[in-house]
**Student:** 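One structure, pasted below without further comment.
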Amino acid sequence: MTLPRPAKKGEMVALDLEMFGQDVKRLHRPHGTFACLSIAYSAEEHYQITDKADLPKALERLKSGMWIFHNALYDLRQLRGLCNTPPVSKVWDTMLVERAMFGGYYNDFSLAGLTRRWLHVYLSKEQQSEFGQAEHMTTEMAEYAIRDAISTLLIAQAQRHQLDESEDQLRSYWEVDEPAIWAFLDLQPVAIDADGWRKLAEENDATGVSIQLDLGFNVKSPKQTIEHVEKMTRVHLQDSTKLSLEQLALGMRSEGYDSAAEFIEKILEARSYRDASSKYGMKWLDEYVEEENLVYPDFKVSGTETSRTSCSSPNVQQIPVRKMPKFRELFVSRHPGGSIIIADQNQQELRFLAWFSGDTVLRKALLDGRDLHQEVADDFGLTRRKGKDINLGLGYGMSAAGLASRVGISIEAAEAGIRKRNARYPLAAIWSSNQKSRGAALGYVTSALGRRMWINPYLEQWERNAINSPIQSSAAEQTKIWLRLIFDEAKARDLPFAVTMLVHDELVADVPKGMVRQYAKLLKETGIESGKMVAPDMEFDVAVAYGPNWGAKA
DNA sequence: TGCCCTGGCGC
DNA sequence: GTACGTGCCAGGGCA
């Protein structure tokens, strides 16, 4: 078997790992058996390792090169499961680089998609499924694997060539996403109270079934729901498209139709229990909970066009917290007597709005710790709870129409509220307006670290994207730098890297007994430090809470 | 079975 | 009359 020649310092070398017998739904977990590692220096010079025993030697020879992967997290995780991988200083991830270059422009970031765009070749994925069943490689499978590695290499070269002319575009990749890969590889599993989960699942299931039985139809069927609600309320729902059942119930209640309102509220209640039991029931336990009751979510470094992280299998970024807080209480420490620490960035996105715009009124309000949700509630003439919804909605770039339907007010009232808010924070309003011109002129807007997000002028919402994307993207950059600082500092201070989950502006850590104060301090310090690295001269603030589970409150 | 749609959760 | 942030997930409905 031919081992690859040693890589020269910084030389680009693409690696592509294939495994036999993998479950496509669990690709982020090391499993299956080794099939081959394909290695490409160029379209002509490539190697293939098919004997697992050769892996350490082969990787050792590649050590000095810059490793190129398409989705490095997958290959590095599996490689770590197969052998001791030598430390590599930097990796070029064609998927993450492509997202950094074309966020907002493309939706397809698969290897096949990139191959089509960069190399003008249609990459068939037919052979890929073969690896699931097979135990031995055929010639076709070997060729398929080599072809993927060569493709990855050529794409990286093409990306680099294009970026040579505007190198600042890669700043966000090298300072945020690439370093984050190494921290993401070491994210810790999170422990579940499986008995408690089972009990709660059974209760939710029973409650959902019993309420639905009373109602006498399938509440999960929009068709049946419309039919029954129309019969009850004599309102034609298809005429008032997208009128939420919640709003309808409120309307019925205010006009004195109490029994109709109760009927609709019961539907919503049945739905929420049935949703909870199907999403977080026994199937969830069977599918995601591994030995020692540990769960290993699949976090993607950059899962959206603004480079926010996304999460799946299971998605722990969407575990209920408001209506059903019990689920979070079942995320517990894996350490005897250990603690879950929750650290979150206070008003993270509004701080970036203040920083970008230089709005001193907003900045002072943030520094003074004023109640901004109440202030916006006053602008709109609503309760504080709705004020918070509006601040969040505005943060996500929602339109007046979007806010109106979400909060349950008229579009005119939403527009009037937005005008009042603009008057309260005039420089923020001016900055927002400038972002629109900038986006329209350049075709893209940029994050604090220079990451581009392309504006699609054919989308109605492009103006709001031009305002919101830089803010959301900068916040995502900060959180990933925060994670990386903890990773580095934990190593420097000889502490374990204990972070288990990343929920946009929040990090969750699971620490052994006796380590809470030390780790809470680390979380807070790095959280503030990360802000300085993204938005110099802006003050940041981190709230820390801890307890035996994720339900802890400050 | 596979595909699209709807609804609902977090941020 | 129409406007309606995102990603992930489960179920309904239909070819």
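In what follows, every chain begins at residue 1, and chains take the letters A, B, ... in the order their sequences are listed.
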**Student:** Is there a Watson-Crick or G-U wobble partner for B/dC11 with both distances under 3.5 Å, and which nucleotide is it?
**Tutor:** C/dG5

**Student:** Once you round to the nearest 0.5 Å, how far does CG of A/Leu485 lie from CG of A/Leu522?
**Tutor:** 9.0 Å

**Student:** Can you find a donor-acceptor pair, distance only, under 3.5 Å between A/Arg322 side chain and B/dC9 base?
**Tutor:** no

**Student:** Could you tell me how far C/dT2 sits from B/dG8 if I compare only their C1' atoms? Round to whole Å.
**Tutor:** 24 Å

**Student:** In whole angstrom, what separates A/Leu403's CG from C/dT6's P?
**Tutor:** 14 Å

**Student:** Please report, rounded to the nearest Å, how far the P atom of B/dG8 is from the NZ atom of A/Lys220.
**Tutor:** 7 Å

**Student:** Measure NE2/A/His228 against P/C/dG12 and give the value in whole Å, please.
**Tutor:** 15 Å

**Student:** From the options B/dC11, C/dC9, C/dG12, select the nucleotide whose nearest atom is closest to the side chain of A/Asn315.
**Tutor:** C/dC9

**Student:** Measure from the side chain of A/Ser310, starting at C-beta and using heavy atoms only, and say which of B/dC11, C/dG7, C/dG11 lies closest.
**Tutor:** C/dG7

**Student:** Between C/dC8 atom P and A/Phe299 atom CZ, what is the distance in whole Å?
**Tutor:** 12 Å

**Student:** Are A/Lys279 and B/dC9 close enough that a side-chain N or O sits under 4.0 Å from OP1 or OP2?
**Tutor:** no

**Student:** B/dC11 base to A/Gln317 side chain: any donor-acceptor pair below 3.5 Å?
**Tutor:** no

**Student:** Please list, by residue number, the residues of residues 446-472 of chain A whose heavy atoms come closer than 4.0 Å to an atom of DNA chain C; answer none if no residue qualifies.
**Tutor:** A/Glu460, A/Gln461, A/Arg464

**Student:** Could you work out the separation of B/dC9 and C/dG5 based on their C1' atoms and round it to a whole Å?
**Tutor:** 15 Å

**Student:** Measure from the side-chain heavy atoms of A/Asn218 and tell me the nearest of C/dG5, B/dC11, C/dG12.
**Tutor:** C/dG12

**Student:** Can you measure A/Tyr280 atom OH to C/dA10 atom C1' for me and round it to whole angstrom units?
**Tutor:** 10 Å

**Student:** Can you check the A/Lys300 NZ to C/dC9 P distance for me, whole Å?
**Tutor:** 8 Å

**Student:** Counting the atoms with a prime plus P, OP1 and OP2 as sugar-phosphate, which does A/Ile411 contact under 4.0 Å by heavy atoms, base, sugar-phosphate, or nothing?
**Tutor:** base

**Student:** I'd like a table of donor-acceptor pairs (distance under 3.5 Å, sequence neighbours excluded) in which one partner is a side-chain atom from residues 545-553 of chain A, with atom names and distances.
**Tutor:**
from: A/Asn549; atom 1: OD1; to: A/Gly551; atom 2: N; distance (Å): 2.7
from: A/Asn549; atom 1: ND2; to: A/Glu329; atom 2: O; distance (Å): 3.4
from: A/Trp550; atom 1: NE1; to: A/Glu506; atom 2: OE2; distance (Å): 3.0

**Student:** For the residue pair A/Arg451 and A/Val176, establish whether any side-chain heavy-atom pair is separated by less than 4.5 Å.
**Tutor:** no

**Student:** Is the shortest side-chain N to carboxylate O distance from A/Arg26 to A/Asp298 below 4.0 Å?
**Tutor:** no

**Student:** Which listed nucleotide (C/dC8, C/dG12, C/dA3) is nearest to the side chain of A/Ala401?
**Tutor:** C/dA3

**Student:** Answer yes if the ring centres of A/Phe497 and A/Tyr519 are under 6.0 angstrom apart, and no otherwise.
**Tutor:** no

**Student:** Donor-acceptor check, side chain of A/Ser302 to backbone of A/Leu96, threshold 3.5 angstrom: yes or no?
**Tutor:** no

**Student:** What is the distance, to the nearest angstrom, from the CD atom on A/Glu415 to the P atom on C/dC4?
**Tutor:** 13 Å

**Student:** B/dG8, C/dC8, C/dG5: which one has an atom nearest the side-chain heavy atoms of A/Ser312?
**Tutor:** C/dC8

**Student:** When we call it a touch if two heavy atoms are under 4.0 Å apart, what does A/Thr306 touch: a base, just sugar-phosphate, or nothing?
**Tutor:** nothing

**Student:** Check whether any side-chain nitrogen or oxygen of A/Ser399 sits under 4.0 Å from OP1 or OP2 of C/dA3, and answer yes or no.
**Tutor:** no

**Student:** Distance between the P atoms of C/dA3 and B/dC5, in whole angstroms?
**Tutor:** 16 Å

**Student:** So, applying salt bridge (Lys or Arg N to Asp or Glu O under 4.0 Å) with A/Asp177, which one of A/Lys480, A/Arg99, A/Lys300 is it?
**Tutor:** A/Lys480

**Student:** Which residue is it: A/Gln348, A/His504, A/Arg484, A/Gln345? I am looking for the one with a side chain to side chain donor-acceptor pair (under 3.5 Å) to A/Thr479.
**Tutor:** A/Gln348

**Student:** Does B/dG8 have its OP1 or OP2 closer than 4.0 Å to a side-chain nitrogen or oxygen of A/Arg271?
**Tutor:** yes

**Student:** Could you tell me whether the side-chain ring of A/Tyr396 sits stacked on the base of C/dT6, using a centroid cut-off under 5.5 Å and a plane angle under 30°?
**Tutor:** no

**Student:** What is the separation between atom CG on A/Leu268 and atom P on B/dT6, rounded to the nearest whole Å?
**Tutor:** 18 Å

**Student:** Out of curiosity, A/Phe327 CZ to A/Ile319 CD1, how far, rounded to the nearest 0.5 Å?
**Tutor:** 8.0 Å

**Student:** Considering only C/dG11, B/dC11, B/dG8, which nucleotide approaches the side chain of A/Val503 most closely?
**Tutor:** B/dC11

**Student:** Which nucleotide wins on minimum distance to the side chain of A/Gln224, given the candidates C/dG5, B/dG8, C/dG13?
**Tutor:** C/dG13

